[in-house]
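Report on one structure; see the data block that follows.
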Amino acid sequence: MDTTTNIIASRTTVFLFSSLLVISALHSHSIAADDTTSYKPAPLPYAENALEPVISAKTVNFHYEKHHKTYADKLSDLLKGTDLAGKKVEELIKLSAGQADKTALFNNAAQLWNHDFFWTSMKPNGGGVPTGKLANMIKESFGSFDECKKQFADTAVSQFGSGWAWLVLEGKSLKIIKTSNADTPIAHGQKPLLCIDVWEHAYYLDHQNRRKDFVSAFLDKLVNWDFASSQLGNK
Ligand code: MN3
């Protein structure tokens, strides 16, 4: 059997098995569902309208409930009945990165992880300037905070097509990088501190084609420097 037939066969088995569980649950008046292997987005850390006017409640709703949740659902479906079901998302990303036969697994796991990280990279009334150790590291790596902010904005705006811009820790210094589609710094040994989603679904309802306006407003009004600092840990 080829891989597709295998997947279909294993899904059919899972379906039949699930049906038996449902039937037996109905008979015993209890719920037999085992949910430890299904994936879900982390809870949104604020209300859907909390990022307005930069990101509307409508955009947050579609982005979180449709796009983000779909990656989690697809990942759960892909892994159902396999040995990988229930493994940590970071682990799934690392084991599938660069593997031609695991592209769907990588894309859905990485997009699930990237979006969880994106929502926490923002907060209502964010923006401002970083403080403490992060502020010092930014000065060492970029010369000034303004230069760091400029590089982040230029990188986010110049990412061709769908993707992400990131502030990452690589070794002992900070860097701004961009990744295409689902790609993520954790597949490349870098430690992310912040990210912005520049797929069109992240801004099109609110800013249409003006990605630059979305990126500036993200940096001025939403970016969560406290979260970025917390990612440094004790490094
Ligand atoms: Mn997105």
Side-chain angles (χ1 to χ4, degrees), residues 38-78 88-90 92-93 96-97 103-124 126-127 152-168 176-188 190-224 227-228 231:
S38 73
Y39 294 87
K40 289 187 174 54
L44 203 60
Y46 31 70
E48 287 184 352
N49 65 357
L51 307 179
E52 289 187 338
V54 180
I55 306 179
S56 63
K58 191 175 180 183
T59 292
V60 172
N61 179 269
F62 270 89
H63 200 171
Y64 181 77
E65 295 289 342
K66 307 288 180 197
H67 295 275
H68 191 176
K69 192 167 181 296
T70 300
Y71 296 121
D73 290 346
K74 283 188 179 166
L75 183 65
S76 304
D77 282 352
L78 275 170
K88 282 192 172 164
V89 179
E90 289 91 328
L92 295 171
I93 291 169
S96 60
T103 308
L105 167 57
F106 178 81
N107 285 340
N108 289 290
Q111 283 293 78
L112 173 58
W113 195 93
N114 291 347
H115 282 87
D116 280 347
F117 201 82
F118 173 57
W119 299 120
T120 51
S121 291
M122 300 181 285
K123 64 176 182 181
F152 189 93
D154 290 349
T155 302
V157 172
S158 68
Q159 163 58 30
F160 185 76
S162 298
W164 303 80
W166 306 81
L167 172 66
V168 299
I176 305 289
I177 61 154
K178 53 188 170 186
T179 59
S180 290
N181 300 316
D183 200 11
T184 181
I186 61 173
H188 306 284
Q190 296 160 320
K191 183 166 179 51
L193 304 184
L194 271 183
C195 77
I196 183 172
D197 185 341
V198 292
W199 285 57
E200 282 186 347
H201 64 231
Y203 61 89
Y204 211 86
L205 290 176
D206 304 319
H207 304 275
Q208 293 75 51
N209 60 325
R210 301 184 305 275
R211 186 193 285 182
K212 196 176 177 182
D213 292 355
F214 167 59
V215 173
S216 320
F218 169 93
L219 286 168
D220 291 338
K221 295 174 180 163
L222 298 180
V223 69
N224 187 346
F227 172 71
Q231 297 307 294

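By convention here, the first residue in the shown sequence is residue 1. Indexing begins at 1, ligand by ligand and atom by atom, following the structure's order.
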Side chains of [X] and [Y]: donor-acceptor distance under 3.5 Å anywhere?
X	Y	answer
Trp199	His67	no
Gln111	Trp164	yes
Ser162	Glu200	no

- Item | Close side-chain approach of Tyr203 and Asp213, heavy atoms under 4.5 Å |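 They are not in side-chain contact.
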- Item | Any Trp166 side-chain heavy atom under 4.5 Å of Thr179 side chain |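 Contact flag for Trp166/Thr179 side chains = yes.
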- Task: Verify the ring-centre separation between Tyr204 and Phe214: is it less than 6.0 angstrom?
- Result: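 No, the ring of Phe214 stays outside the 6.0 Å limit from the ring of Tyr204, centre to centre.
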- Task: Determine how many protein N/O/S atoms sit closer than 2.8 Å to the Mn ion (ligand 1), leaving waters out since they are not shown.
- Result: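 Number of qualifying protein atoms: 4.
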